[in-house]
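Okay, so here's the structure we're looking at.
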Amino acid sequence: MDFELTEEQVAVKKSAVRFAQNELNDEMIERDRDGAFSRKLWLKCADFGVQGAAFPREYGGGDADILSTVLLMEGLGYGCKDSGLLFALNGQMWTVQMPILRFGSDGQKHGYLPKLCSGEWIGAHGMTEPNSGSDAFSLSTTAKLEGDYYILNGTKTFSTNAPVADVFMVFATVDKSKGFMGVTAFIVERGFPGFSVGKDIGKMGLRTAPMAELVLEDCRVPVENRLGKEGNGAAIFEDAIEWERSCILASLLGGMERQLERCIEYAKRRKQFGRPIGKYQSIANKIVDMQVRMETARLVLYKVACMKQAHGKATMDAAIAKLYLSESWIQSCLDAVQIHGGYGYTTEFELERDLRDSVASTLYSGTSEIQRNIIARLLGL
Amino acid sequence: MTVLEKIEKFLMAEVAVDLDKESLQPDEDLLGSGIIDSMTVIKLVLFLEETFGIEVKDEDLVPENFQNLNSMVEYVERNQGNR
Ligand SMILES: Cc1cc2nc3c(=O)[nH]c(=O)nc-3n(C[C@H](O)[C@H](O)[C@H](O)COP(=O)(O)OP(=O)(O)OC[C@H]3O[C@@H](n4cnc5c(N)ncnc54)[C@H](O)[C@@H]3O)c2cc1C
């Protein structure tokens with residue numbers, strides 16, 4: 001076991017921090033207020049190599065190993081104040097690009113990955129439905145084979161990036177009687193007949209990552225746009241979501257480090273009753289707890305990255321990482337507000353936004369309750 | 001124990017609390033009935049890999065291979081033959 005990062009890995013994180021600080025933070029308060037997605041920043045990220053980082057060069061990617069990708073996302077999390085943008089990027093990379101890479105035909109990989117890596121296209125993921133969230137595989141969107149096309153019918157909700165996306169990873173059942181093994185994945189393009197994007201869904205945080213419903217009304221999807229075999233959708237979804245659980249969290253870790261440094265600096269500078277507030281044990285302890293949570297979160301996250309690199313799968317550890325990092329992130333955001341007192345509550349201090357953004361982390365990619373259920377089942381309970 | 005008996009024993013132990021039965025029929029539908037759900041399959045894959053020394057690929061997680069005990073036995077034997 002080696003806890004040292006290589007020089008190259010350290011350099012990846014540093015350059016991501018520099019890029020994010022210089023390029024991604026303009027007009028953050030306004031963009032959050034207006035719920036504005038920025039295609040300009042999306043393209044800047046693609047030019048920097050974010051979307052392609054973990055993907056092979058033949059598709060325009062950077063061929064990075066998992067730990068380097070995690071460090072890149074961690075660096076962005078530290079440097080970039082726009083958690084919505086990072087969330088949107090992660091969503092595309094792990095739940096659209098990665099399934100195409102891992103399960104796609106040559107035609108699908110060459111057709112979609114270069115456009116997604118270059119930022120020319122944006123991808124969205126459609127699993128959740130109005131009546132199936134945590135119980136994702138009980139979905140009711142259907143796909144019926146008719147000649148060379150599947151006809152899809154149903155509604156998806158909470159689809160991140162949908163309002164601006166060009167391509168959608170949509171899950172539907174080809175045969176309800178096969179339970180979760182009826183679920184099948186389809187690559188749906190915006191222009192396919194019978195496909196439309198519904199109204200934007202307003203939300204508490206991550207406001208720069210747009211979200212909408214997907215409506216499929218006799219939507220015609222060519223057979224060659226089925227991803228993997230019929231009935232393979234659940235395995236494809238689980239694989240993608242495990243990637244997301246492992247890597248989306250890296251940006252949260254970077255955010256925790258940024259907050260911690262800010263809190264230390266503020267606790268040394270802000271004086272009340274004649275002393276810096278950091279000299280009061282209640283404040284110091286909060287900061288110590290932030291540090292302990294961040295360091296343990298880092299170990300859990302890097303372990304998942306190493307396990308996925310070595311074995312491809314890390315179901316239990318990915319669930320632990322998702323649970324621990326998301327709950328730590330929310331706590332860190334709450335602590336940061338508390339340590340900054342009334343100023344922490346103001347828009348100008350930009351800590352309340354982190355807090356609003358953080359609340360979603362125990363919901364998306366499987367709620368905390370579902371992560372606990374997974375861990376319990378794997379423990380034999 | 002045969003391959004079939006080993007898998008049946010595993011499934012009975014895994015889901016027995018939720019099932020009001022003593023055994024599974026070889027051609028009994030395990031997917032439509034929900035006896036194998038998306039969580040059970042994760043444990044089932046680990047069990048098949050460890051017990052029979054095979055590799056269960058994600059692309060093999062389709063109804064043809066997991067619909068009932070018979071199809072699982074066929075899948076395991078085909079995989080063992082390919083080693
Ligand atoms: C910001 C954001 C972005 C998202 N992006 C996408 C996306 O791009 N694509 C997509 O398909 N989906 C997306 N989702 C949807 C997300 O995956 C679901 O919200 C999530 O899976 C929970 O489903 P639900 O909202 O229907 O809640 P429900 O499943 O209805 O859960 C409600 C509550 O009950 C609890 N609960 C449910 N079942 C159990 C159980 N068995 N044991 C214990 N507790 C339980 C839950 O934990 C939760 O607290 C996104 C969600 C958010 C918040």
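Computed over heavy atoms, backbone and side chain alike; hydrogens, waters and symmetry mates excluded. Since the model is a prediction, treat every value here as computed from it, not as a measurement. In what follows, every chain begins at residue 1, and chains take the letters A, B, ... in the order their sequences are listed.
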Contact part of B/Ile42 toward chain A, heavy-atom cut-off under 4.5 Å: side chain, backbone, both or neither? side chain
Given that the side chain runs from C-beta out, which part of B/Ile36 has a heavy atom under 4.5 Å from chain A: side chain, backbone, both or neither? both
For the student: nearest non-hydrogen atoms of A/Gly231 and B/Pro63, plus distance: CA-CD, 4.0 Å
Considering only heavy-atom distances, could you tabulate the donor-acceptor pairs under 3.5 Å between chain B and chain A?
residue	atom	partner	partner atom	Å
B/Gly32	N	A/Ser177	O	3.4
B/Thr40	OG1	A/Arg377	NH2	3.1
B/Lys43	NZ	A/Arg377	O	3.0
B/Asp58	O	A/Asn232	ND2	2.9
B/Asp58	OD2	A/Lys313	NZ	3.2
B/Glu59	O	A/Lys229	NZ	3.0
B/Leu61	O	A/Asn232	ND2	3.4

If I measure from the heavy atoms of chain B, does A/Ile236 come under 4.5 Å with its side chain, its backbone, both, or neither? neither
